[in-house]
Enquirer: 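Below is the structure I would like to discuss, written out as structure tokens.
Because only heavy atoms are used, hydrogens play no part in the values below, and waters and symmetry mates are left out as well, while side chains stay in. As the structure lists them, so they are numbered: ligands from 1, and atoms in each ligand from 1.
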Amino acid sequence: MKAIVLNEAGGADKLIYQDIEKPVLKNGEILVRTKNIGMNPMDVHIRGNEQILTRFMGSERPAILGWDISGEVVEKADDITDFEIGDAVFGLTKGKGYAEYVAVKTDLMVHKPANISYAEAAAVPVVGITAWEALIKIGNVKKGDRVLIHAASGGVGYMAIQLAKHLGATVIATSSGKNRDFVLSLGADQHIDYTTEKFYEVVKDVDFVLDPIGGETRMRSIDVVKKNGTIVSVVPIQYEEAQEKAREKGVNLIILLGQGNKEEMESLAGLLRKGILKVHISAVYPFSQMANAHLQIESKRTVGKIVVEL
Ligand SMILES: NC(=O)c1ccc[n+]([C@@H]2O[C@H](COP(=O)([O-])OP(=O)(O)OC[C@H]3O[C@@H](n4cnc5c(N)ncnc54)[C@H](OP(=O)(O)O)[C@@H]3O)[C@@H](O)[C@H]2O)c1
């Protein structure tokens, strides 16, 4: 089968399109013929650094990246009862998604709603789970809350706007001016262009902040949250100083590494089925152009999601 492999970490040119053996199923797994792969910044972080690559994928080379997938079940282990051959599925693998066939445990795989395409389904798992865990599991965002979402035109942010509006919150969203209309079309009540306005001069007393940026944005966000309010930051680096400042101000700063579980995946599938969550794909790349998909993610200018198609 065709796969995209990495013999070593490095630039996007290290992604090599080649033939490898089809995986052999183990107990608890289904074999998915991949239709689409959803792309995330984690693909780029892990590709670019040997230590990070080893931490996520182990020391075996070649390594195969790829987390968000959609496709069709073509084989199942004897102990699988909740999926049948031919089922359309989507979910999260633990790597190995950049391949025509993926053997995957079913704990983070669910049935694809019939009203969305394979491409749309592959765009959901990582960002959907992250936004869900930030707003619902940790943030307990509820009707009437005022919520600030940074990087609102990106993968995590655009999902978070839709979830926050579904929960009945008022949403203030940041992006550059070129993405203003997109962010407002998702239901945001107020837009802040971070290139021309300082959010901490125009926002105050919010109940919750979602921070996919880190650094100065995270530090300044502490100034705009109510006492006892919550910031969920999904950037797990250099947060110690911000945690100290948050503690002094009586703000909860939580660093989230999204994990996901079946219930969350089923909940996301349910919202997609009802049309409450809508998927926005700004570009689709052929499998052979995976490197270009990585370069787009690396630009940090992706709007909504990009996916790769097999
Ligand atoms: N911890 C976790 O579990 C977890 C899970 C998922 C993602 N993440 C992390 O979260 C971050 C975001 O992920 P993503 O998938 O949303 O990324 P993404 O889709 O690549 O985000 C790109 C978007 O960010 C916006 N942006 C960039 N800088 C900004 C700024 N200073 N202020 C406001 N908007 C800005 C851009 O809008 P403009 O072009 O308009 O600037 C662009 O639309 C990444 O670092 C990723 O690794 C963590």
Enquirer: Give every donor-acceptor pair under 3.5 Å between a side-chain atom in residues 9-18 and any protein atom, sequence neighbours left out.
Expert:
residue: Lys14; atom: NZ; partner: Glu8; partner atom: OE2; Å: 3.0

Enquirer: When you check the gap from the basic side-chain N to the acidic O, do Asp223 and Lys249 get nearer than 4.0 Å?
Expert: yes

Enquirer: Which residue pairs pass the side-chain hydrogen bond (donor to acceptor under 3.5 Å, both in side chains) test when at least one of the two sits in residues 159-169, sequence neighbours left out?
Expert: Lys165-Asp189

Enquirer: Quick one, list the residues around ligand 1 where some non-hydrogen atom comes in under 4.0 Å, by chain and residue number.
Expert: Pro41, His45, Val126, Thr130, Ala151, Ser153, Gly154, Gly155, Val156, Thr174, Ser175, Ser176, Lys178, Asn179, Tyr194, Pro212, Ile213, Val234, Leu256, Leu257, Gly258, Lys300, Arg301, Thr302

Enquirer: Between Lys245 and Glu240, does any side-chain N to carboxylate O distance fall below 4.0 Å?
Expert: no

Enquirer: Would you call Lys2 and Asp19 a salt bridge, using N to O less than 4.0 angstrom?
Expert: yes

Enquirer: Any pair with a residue in residues 138-158 that passes salt bridge (charged side-chain N to carboxylate O under 4.0 Å, His left out), sequence neighbours left out, goes on the list, sorted by first then second residue, please.
Expert: Lys142-Asp145

